Each structure stands twice: as structure tokens, then as C-alpha cells.
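Step one of this worksheet: look at the structure below.
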Amino acid sequence: MGLLEGKNAVVFGVANKYSIAWAIAQAFHREGANVGISYAGPVMEKRVRPLAEKLGLEFVEPCDVTQDDQIEAIAQKAKEHFGRVDILVHSIAYAERDDLMNPFYQTSRKGFHTAMDISVYSFIALARAFQPLMTEGGAMVTLTYYGGEKVAPGYNVMGVAKAALEASMRYLAYNFGPMGIRVNAISAGPIKTLAASGVPGFRTMHKTFPYLAPLKQPVSQEDVANAAVFLCSDLSAKVTGHVLFVDCGVNIMAFPDLEALKALQEEA
Ligand code: NAD
């Protein structure tokens, strides 16, 4: 029997087959959940529909999370389709290119608002819309990155957004705790995806990562998806308000492994 047997899950943030959200949807399906997915809009549809068909998913809905009416509409559709929802996954982030390319202090007011709206407020808005559907308790998970805790060069406004996202996750966990709804975040190591390709220096970071990580390995979408299964299953019944690192241990390091870096340079 799967770890999520009998649970209804809605996963936001599928853009293509590389999306972390897609790996999560597949892992949930593997564990017996009844899975629905959401994508940003028409541009994504041609990539997302064929993926959904492969798994035989019936609930495949667009939602631009900057639009309150679209959030309300998808929650209503989820209610009609699933009745009860047990799991909500928020795997969404966006920042303007200029605000990632320029030094952080040049972040524009508009760019700041955009990053915070799409990457942070959307989690609060989705959580609010889906909470009434979690009539038997539930689990909500969002995706974050260590750049929200420490400076990651080039991550800029997205780092500030991740800090706010993690704080929002804790406040949601506090609000929803009495309702039996757990809210957690996964802090993932670098994975090649559409969103990651917009972060300056990502390729170098991705290549260097296994040398710096205590586990000496890269992190995959599947690694993150399996952690999401844990956080959305009854195995983590007493875990809420937590940031779970899936980063091969990089966050425990106070100083980079210089010997490993030297080995990498010699290889290059
Ligand atoms: P991705 O590009 O596949 O996913 C980002 C998603 O955000 C896309 O599906 C995109 O359509 C969606 N999105 C952007 N604007 C939207 C809007 N207005 N309405 C609805 N959806 C919108 O990339 P990913 O790496 O899978 O990113 C998923 C999450 O994981 C993000 O929060 C990201 O910050 C986080 N994360 C990624 C990494 C990594 O290295 N890839 C590491 C840590 C955390």
C-alpha cells in the first residue's frame, strides 16, 4: 500500500518535465494519491497536458497565481472534482531578470513586488483558498532555497523572497495547526530547471555543488519529491513549521571544502 493511498493532492508549479512539481506529482501518484496539477497559463499548456495524460491525471488546471479570481476558481474546481483535498504543494517562484542580473541594491520597487507576489504571497493565497477543502486535516508544502537564510551570490531578491516564504510557512503552520493542517517547506539543492536557469552563475553552482556537499552527490527532482511524500504522509504526522533540507548536507558547512574545490579546478 502506498504512503498516500486515499489522499487527494493538488500540485502547483508544473511547467515541464524538469519541474520539481512534476517529480512531486509523479511520486504522489506512485504512492497512491489521487493527484491534480496546475500550471501558470496557456504557454505552459502544450508541455503540461501530455505529461498529465501519461499518468492519466484528470485534474489539470491553469492558474495564474497573481490573479485572485483564478485562485478562487481553481479551489472551487478542486472542491467539485475531489470533494476533500488533503495535500497542497506550492512549487512556484519568479523574479524579473534584471533583478537577478544586477547587484541586489539595485532591485527595483516593481521587481521586488513581483518577486514577493508570485513567490511568497501566492502561497498564502493558495493556502487560504484550499484550507476550507482540508476538512479532515492535511499537509501543505512549499519549495525554498538556502539563499533565503544566507547570501547566495546572484540569488538577490529571490533570497529575500525565500526568507519571507519560510516565515510565511511558519505563520501558516501556527494558524492551521488547530485544524490539523501541517505546513512545511523543503529547501532543495540546485537542480536544472526552467526557474533555475534564470539565476546567474547557476551552471557553476550546479557543477560545484557535489564537490562541496558532505554527501558528494547532486540533488535530483526525485530526491525532493520523495521528501515531499514524507512531509505529506502520515509518517510526518507531528512535523509542522519545519524547513527540511534536501541538499546533501551543504547547509551544515561553515566553510567550503577547499580541498574538494582544488580537485575540481584541477579536473577542469
Ligand atoms: P520551474 O520553472 O519548473 O517551476 C517554477 C514554476 O513557477 C513554473 O511552473 C512556473 O510556471 C511557475 N510560475 C511562475 N509564475 C507563475 C504565476 N504567475 N502563476 C502560476 N505559476 C507561476 O522550476 P523549479 O526549479 O521546479 O521551481 C519550483 C520551486 O522550487 C520554486 O519555488 C523554486 O524557487 C524552488 N527551488 C528550486 C531549486 C532549483 O535548483 N531548481 C532549488 C531550491 C528551490
Side-chain angles (χ1 to χ4, degrees), residues 10-27 37-48 51-52 60-71 73-74 89-97 100 113-123 125-126 129 141-150 152 154-166 168-169 185-209 213 218-225 227-228 243-248 250-251:
V10 183
V11 180
F12 284 80
V14 181
N16 55 40
K17 65 179 178 179
Y18 303 108
S19 294
I20 293 171
W22 176 237
I24 292 174
Q26 290 177 93
I37 58 173
S38 176
Y39 56 96
V43 180
M44 305 289 166
E45 185 162 6
K46 65 176 186 303
R47 292 210 178 80
V48 174
L51 296 177
V60 186
E61 295 290 338
C63 178
D64 177 346
V65 294
T66 62
Q67 305 301 313
D68 286 332
D69 57 339
Q70 294 193 26
I71 291 177
I74 193 169
V89 174
H90 172 270
S91 186
I92 290 174
Y94 179 79
E96 301 286 357
R97 191 174 156 75
L100 295 173
H113 286 162
T114 299
M116 295 296 274
D117 187 21
I118 299 182
S119 316
V120 186
Y121 186 75
S122 63
F123 186 42
L126 288 173
V141 167
T142 188
L143 271 297
T144 187
Y145 175 62
Y146 196 35
E149 279 187 40
K150 303 283 181 190
Y155 206 54
N156 294 1
V157 69
M158 191 49 74
V160 175
K162 291 304 190 193
L165 178 68
E166 290 176 22
S168 302
M169 176 276 291
I186 296 173
S187 187
I191 299 170
K192 279 188 189 169
T193 63
L194 195 60
S197 67
V199 178
F202 175 81
R203 280 167 67 100
T204 310
M205 200 225 287
H206 185 261
K207 195 174 168 205
T208 315
F209 181 85
V219 173
S220 69
Q221 283 88 338
E222 290 68 32
D223 294 324
V224 176
V243 177
L244 176 60
F245 282 95
V246 181
D247 71 342
C248 293
V250 160
N251 74 94

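Because the structure is predicted, anything quoted here is derived from the model rather than measured. What's counted below: heavy atoms across the whole structure, side chains too, no hydrogens, waters or symmetry copies. Ligands are counted one by one from 1 in listed order, and the atoms in each one are counted from 1 as well.
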Nearest protein heavy atom to [atom], by residue and atom, and its distance?
| atom | value |
| --- | --- |
| atom 4 (O) of ligand 1 | Gly13 O, 3.7 Å |
| atom 3 (O) of ligand 1 | Ser19 OG, 2.6 Å |
| atom 19 (N) of ligand 1 | Val65 N, 3.0 Å |
| atom 28 (C) of ligand 1 | Ser91 OG, 3.1 Å |
| atom 41 (N) of ligand 1 | Ile191 O, 2.9 Å |
| atom 13 (N) of ligand 1 | Ile92 CG2, 3.8 Å |
| atom 31 (C) of ligand 1 | Ala93 CB, 3.6 Å |

Atoms in ligand 1 flagged as close to [X], the criterion being non-hydrogen separation under 4.0 Å:
| X | value |
| --- | --- |
| Ala196 | 41 (N) |
| Thr193 | 23 (O), 24 (P), 25 (O), 26 (O), 41 (N) |
| Ile118 | 15 (N), 16 (C), 18 (N) |
| Cys63 | 19 (N), 20 (C) |
| Met44 | 11 (O) |
| Pro190 | 40 (O) |
| Val14 | 9 (O) |

With respect to [X], determine whether any N or O atom, backbone or side chain, lies less than 3.5 Å from an N or O atom of ligand 1.
| X | value |
| --- | --- |
| Asn16 | no |
| Ala40 | no |
| Ala21 | no |
| Asp64 | yes |
| Ala195 | yes |

Do you know the tightest heavy-atom contact between [X] and [Y]?
| X | Y | value |
| --- | --- | --- |
| Ser38 | Pro62 | OG-C, 4.0 Å |
| Glu61 | Ile74 | CB-CD1, 3.6 Å |
| Pro218 | Cys248 | O-SG, 3.9 Å |

Compare [options] and give the one whose heavy atom is closest to [atom].
| atom | options | value |
| --- | --- | --- |
| atom 33 (C) of ligand 1 | Gln67, Lys162, Met158 | Lys162 |
| atom 43 (C) of ligand 1 | Thr144, Ile71, Leu143, Ile20 | Thr144 |
| atom 10 (C) of ligand 1 | Ala15, Gly148, Gly147, Ser197 | Ala15 |

I'd like to check [X] versus [Y] (side-chain heavy atoms, cut-off strictly below 4.5 Å). Are they in contact?
| X | Y | value |
| --- | --- | --- |
| Ile71 | Cys63 | yes |
| Val65 | Leu126 | yes |
| Tyr94 | Thr114 | yes |
| Ile37 | Val10 | no |
| Met116 | Tyr121 | no |

Without swapping roles, check the side chain of [X] against the backbone of [Y] for a donor-acceptor pair under 3.5 Å.
| X | Y | answer |
| --- | --- | --- |
| Asn156 | Leu100 | yes |
| Asp247 | Asn251 | yes |
| Asn16 | Ser19 | yes |
| Lys162 | Leu143 | yes |

- prompt: Using 30° and 60° as the class limits, which term best fits the ring planes of Phe245 and Tyr146: parallel, tilted or perpendicular?
  reply: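 If you compare the ring of Phe245 with that of Tyr146, the planes turn out perpendicular.
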field: Candidate pair Phe12 and His90, rule ring-ring contact (aromatic ring centres under 6.0 Å, His included), full reasoning
entry: CA-CA 5 Å; Phe12 284 80; His90 172 270; 8.0 Å; no
Heavy-atom gap Gly189 to ligand 1 smaller than 4.0 Å: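 Contact check Gly189 vs ligand 1: positive.
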